[in-house]
Student: 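Attaching a single structure in structure tokens format; questions to follow.
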Amino acid sequence: MGTLFGLNMVVSRFATGQYEPLVFVSLRMTLASLFYLSAYLVRPGMSFPKSRRLWLHGGLFGIFGIAIPMSCYVSSLVNLSSGVVSLFQTLSPAVTVVLAHFWLSDERMNQYKAIGVFVAFAGAMTLFANGETGLLEVARADWRGYALVSAAVLSASVGGVYGRKYLRNDSNYD
């Protein structure tokens, strides 16, 4: 997971040198939307969902599970290195496990999950406590990078649990 998150952040870090973070995120989301739209147009038997409930829950999932996290992760690259951001990004599954324990009746915490969550947070807190940014320029170290990456992790986890709770059994073939 760290490799995939890290590669994504390295590419995003390069792109933020070319574009403003939110412009880059908008371009990525536009391209992804066009790709999915073309899949609906090309694939036989696939039609746009008609369920208002699916559109509502899908929209909320898209905001909290994709748009906010992506915007915050990429924006945090202004103050943190891609390596540090990707390491913090790997906290998302641990936060998801904790949220799922409280919000999903069939996802209870057990001792193995608790150990994993502890290890994940211990590593991230070590970086945070040392003020590690991964950047050479000390002047660029800023609390906003940590705040943005924390908001991204929390939003992605909320989105994941929300999607599991409300979109698990939905289908666009209604």
Side-chain angles (χ1 to χ4, degrees), residues 1-13 15-16 19-40 43 46-80 82-109 113 116-117 120-121 123-124 128 144-174:
M1 232 173 140
T3 301
L4 294 175
F5 288 152
L7 181 61
N8 179 47
M9 285 300 117
V10 168
V11 171
S12 296
R13 177 95 172 141
T16 57
Y19 306 99
E20 289 294 319
L22 295 180
V23 170
F24 173 65
V25 169
S26 298
L27 289 171
R28 282 181 69 174
M29 289 189 179
T30 300
L31 288 174
S33 297
L34 291 173
F35 174 79
Y36 282 110
L37 176 63
S38 66
Y40 274 100
R43 189 169 175 201
M46 199 169 199
S47 63
F48 286 103
K50 293 171 182 57
S51 165
R52 293 182 76 166
R53 181 183 177 283
L54 182 60
W55 278 100
L56 172 68
H57 290 304
L60 289 172
F61 170 78
I63 290 168
F64 290 103
I66 300 171
I68 291 173
M70 188 183 294
S71 298
C72 288
Y73 282 132
V74 173
S75 296
S76 71
L77 292 170
V78 172
N79 301 303
L80 299 172
S82 57
V84 170
V85 172
S86 63
L87 286 172
F88 275 96
Q89 192 175 21
T90 61
L91 277 178
S92 191
V95 174
T96 302
V97 165
V98 173
L99 293 177
H101 172 75
F102 293 105
W103 293 346
L104 301 173
S105 60
D106 60 339
E107 290 292 340
R108 292 292 166 223
M109 183 77 66
K113 289 178 184 179
V117 167
F121 276 99
F128 180 74
R144 288 177 283 196
Y146 291 113
L148 285 166
V149 78
S150 297
V153 166
L154 182 60
S155 185
S157 298
V158 166
V161 173
Y162 182 87
R164 169 92 172 2
K165 185 168 184 159
Y166 294 105
L167 295 170
R168 184 178 192 182
N169 298 319
D170 281 345
S171 170
N172 66 331
Y173 297 107
D174 293 342

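Since we're looking at a predicted model, the values are computed, not measured.
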Student: Which heavy atom of Ser157 sits nearest to which heavy atom of Thr96, and what is that distance?
Tutor: OG-OG1, 3.0 Å

Student: Please confirm whether the backbone N or O of Ala152 pairs with a side-chain atom of Ser155, one donor and one acceptor, at under 3.5 Å?
Tutor: no

Student: Apply side-chain contact (heavy atoms from CB on, under 4.5 Å) to Val158 and Trp103, showing your working.
Tutor: CA-CA 10 Å; Val158 166; Trp103 293 346; 4.1 Å; yes

Student: Check whether any side-chain heavy atom of Ser71 sits under 4.5 Å from a side-chain heavy atom of Leu22, and report yes or no.
Tutor: yes

Student: Between Met70 and Asn8, is a side-chain contact (heavy atoms from CB on, under 4.5 Å) present by the stated rule, with each step listed?
Tutor: CA-CA 11 Å; Met70 188 183 294; Asn8 179 47; over 6 Å; no

Student: Looking only at heavy atoms, which two atoms of Ser12 and Arg28 are closest? And how far apart?
Tutor: OG-NH1, 3.3 Å

Student: What verdict does the side-chain contact (heavy atoms from CB on, under 4.5 Å) test give for Leu104 and Leu99, after you've listed the backbone C-alpha separation in whole Å, the side-chain angles of each residue and the deciding distance to 0.1 Å?
Tutor: CA-CA 8 Å; Leu104 301 173; Leu99 293 177; over 6 Å; no

Student: Could Lys165 and Glu107 be called an ion pair, given the rule that one side-chain N must be under 4.0 Å from one carboxylate O?
Tutor: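 No salt bridge links Lys165 with Glu107.
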
Student: Once the angle between the rings of Tyr146 and Phe88 is folded into 0 to 90°, is it parallel (under 30°), tilted (30 to 60°) or perpendicular (over 60°)?
Tutor: perpendicular

Student: Is there a side-chain contact between Leu56 and Tyr166 in this structure, where contact means two heavy atoms from C-beta onward sitting under 4.5 Å apart?
Tutor: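 SC-SC contact between Leu56 and Tyr166 ruled out.
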
Student: Testing Leu77, Val74, Val10 one by one against Val85 for a side-chain contact (heavy atoms from CB on, under 4.5 Å), which residue passes?
Tutor: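 It is Leu77; the other options fail the test.
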
Student: To the nearest 0.5 Å, how far apart are OG in Ser38 and OH in Tyr36?
Tutor: 10.5 Å

Student: Is it true that a side-chain atom of Ser92 and a backbone atom of Gln89 form a donor plus acceptor pair closer than 3.5 Å?
Tutor: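 No: the side chain of Ser92 does not pair with the backbone of Gln89.
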
Student: Working note: Arg144 + Val78, criterion side-chain contact (heavy atoms from CB on, under 4.5 Å); need CA distance, chi angles, decisive distance, verdict.
Tutor: CA-CA 9 Å; Arg144 288 177 283 196; Val78 172; over 6 Å; no

Student: For Cys72 versus Leu148, what's the shortest heavy-atom pair and its separation?
Tutor: CB-O, 3.3 Å

Student: So which atom in Ser82 and which in Arg13 form the shortest heavy-atom distance, rounded to 0.1 Å?
Tutor: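 Residues Ser82 and Arg13, closest heavy atoms: CB-CB, 4.1 Å.
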
Student: From Ile68 CD1 over to Leu154 CG, what is the distance, rounded to the nearest 0.5 angstrom?
Tutor: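 Here the rounded value is 10.0 Å.
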
Student: Considering residues, nucleotides and ligands other than Phe24, do more than 12 of their heavy atoms fall under 6.0 Å from its CZ?
Tutor: yes

Student: Rounded to the nearest 0.5 Å, what's the gap from OG1 on Thr16 to CE on Met9? Could you check?
Tutor: 10.0 Å

